[in-house]
Amino acid sequence: MTGVTLNNVVKRYGDVQVIHGVNLEVKDGEFCVFVGPSGCGKSTLLRMVAGLEETTAGSIRIGSRDVTKADPSERGVAMVFQTYALYPHMTVAENMGFGLKMTGHPKAEIERKVTEASRILKLDDYLARKPKALSGGQRQRVAIGRAIVRGPEVFLFDEPLSNLDAELRVEMRVEIARLHREIGATMIYVTHDQVEAMTLADKIVVLRKGRVEQVGAPLDLYNDPDNKFVAGFIGSPAMNFVAGVVEGPGSVAAKGLVGSVATGVALTGAGSEVSVGLRPQHLRIEAGQTHRVEMTEKLGGVSFVHATAPSGEKLIIESHDQVGVKPGDMIAIGYDAKDAMYFAQDGMRLR
Ligand code: ADP
Ligand code: MG
């Protein structure tokens, strides 16, 4: 088992720079998730670790080896892609063992490895089937099996569940978490889905436009984001942002909301503007007429109320009561300053 270290890694396609000096340490046996919006550079960075993309500048180490210039086959990694591209004419067992067969491994060894992988992936009963007789989730398991039989030091996953329907995604998420526990290998997993990142990761790397915004354990990113981007990206429904004005040392009024102003944050510059971040569960409906209810989602155990301020600012309130309000109603929205986060105009968190 082995960790992965990126040192000031840069990627350019011609004049276009897509990765801007990424530093990162993925520890031995860690489950690390790259998350960020589409186009932020997640796949590019993963493919650079795999050796499928050249690294323009900087270095990549796997364990104690510098692999920056190494061939993909020399890196000790195996990659699982979103599209699993199984050979349709081969059985599950043949698909899983094909790579080993091509590299001249003895038949008995291939069989042993395929049997072991199919046990881990619960594919034992399907080894003789062709891909067309499998569900999407089973096919993706075969693709993961292809990676397992190679016995890599590092597993690389690029959005492996994105082609599956929602229910299967949840099921496979549990399977991949179990796989990591059982195999214990270092895994780097790319997804645009922050829920997937939150549920799988030991460590999340939030990427935006080819730069690392923040690295941390899932709940550390949720509880203590460094900036407005991470605050808004991690958590579902997303954090609400309301314009705020500094009223005096440490005091901020969130415009249009009912709440205390003492923030406990060392803010100065009366009159300056900040952004007040409030998670949906930290807002409450109060008597008043400041916000218009646009929509309500009453899910039973939890309700989400979508409301709009006269300024057009949209807010989502989460309530664990089965709220009585309906679209068109006017409400006021309250909060406690202790629950709020404050962000400067450039998006940096004010602490
Ligand atoms: P993600 O996986 O986060 O959606 P990608 O890593 O695929 O993002 O892409 C990051 C950026 O690099 C995007 O802006 C994309 O257009 C650009 N890019 C990816 N591959 C190439 C390429 N071969 N040539 C030029 N630009 C590319
Ligand atoms: Mg991608």
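In each ligand, atom 1 is the first atom listed, and ligand 1 is the first ligand listed.
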Do Leu123 and Asp125 touch side chain to side chain, with heavy atoms closer than 4.5 Å?
no
Donor-acceptor side-chain pairing of Gln289 and His291 below 3.5 angstrom:
no
His180-Phe31 aromatic ring centre distance below 6.0 Å
yes
Using ring-ring contact (aromatic ring centres under 6.0 Å, His included), reason through Phe343 and Phe241 one step at a time and then give a plain yes or no.
CA-CA 9 Å; Phe343 301 91; Phe241 295 105; 5.7 Å; yes
State which residues pass ring-ring contact (aromatic ring centres under 6.0 Å, His included) with Tyr222; sequence neighbours excluded, sorted by chain then number.
none
Would a search of protein heavy atoms around atom 15 (C) of ligand 1 find one under 4.0 Å away?
no
Counting each atom of ligand 1 from 1 as listed, which ones have a heavy atom of Val18 under 4.0 Å away?
11 (C), 12 (O), 17 (C)
Residue, atom and distance of the protein heavy atom nearest atom 7 (O) of ligand 1 read Ser43 CB, 3.9 Å
With the Mg ion (ligand 2) as the centre, enumerate protein N/O/S atoms below 2.8 Å in chain and residue order.
Ser43 OG
What protein heavy atom lies closest to atom 23 (N) of ligand 1? Include the residue and the distance to one decimal.
Tyr13 CE2, 3.4 Å
When you check the side-chain N and O atoms of Ser275 and Lys228, is any donor under 3.5 Å from an acceptor?
yes
Protein heavy-atom contact under 4.0 Å for atom 3 (O) of ligand 1?
yes
Is it true that a side-chain atom of Thr186 and a backbone atom of Thr2 form a donor plus acceptor pair closer than 3.5 Å?
yes
If you measure from atom 13 (C) of ligand 1 to every heavy atom of Cys40, Gly39, Gly36, which option wins on shortest distance?
Gly39
Residue part near ligand 1, for Thr44, under 4.0 Å between non-hydrogen atoms
both
Is the shortest side-chain N to carboxylate O distance from Lys113 to Glu116 below 4.0 Å?
no
Without swapping roles, check the side chain of Lys130 against the backbone of Met90 for a donor-acceptor pair under 3.5 Å.
no
Option passing salt bridge (charged side-chain N to carboxylate O under 4.0 Å, His left out) with Arg284 (candidates Asp336, Asp339, Asp321):
Asp336
Would you check whether Gly41 has a nitrogen or oxygen atom less than 3.5 angstrom from a nitrogen or oxygen atom of ligand 1?
yes
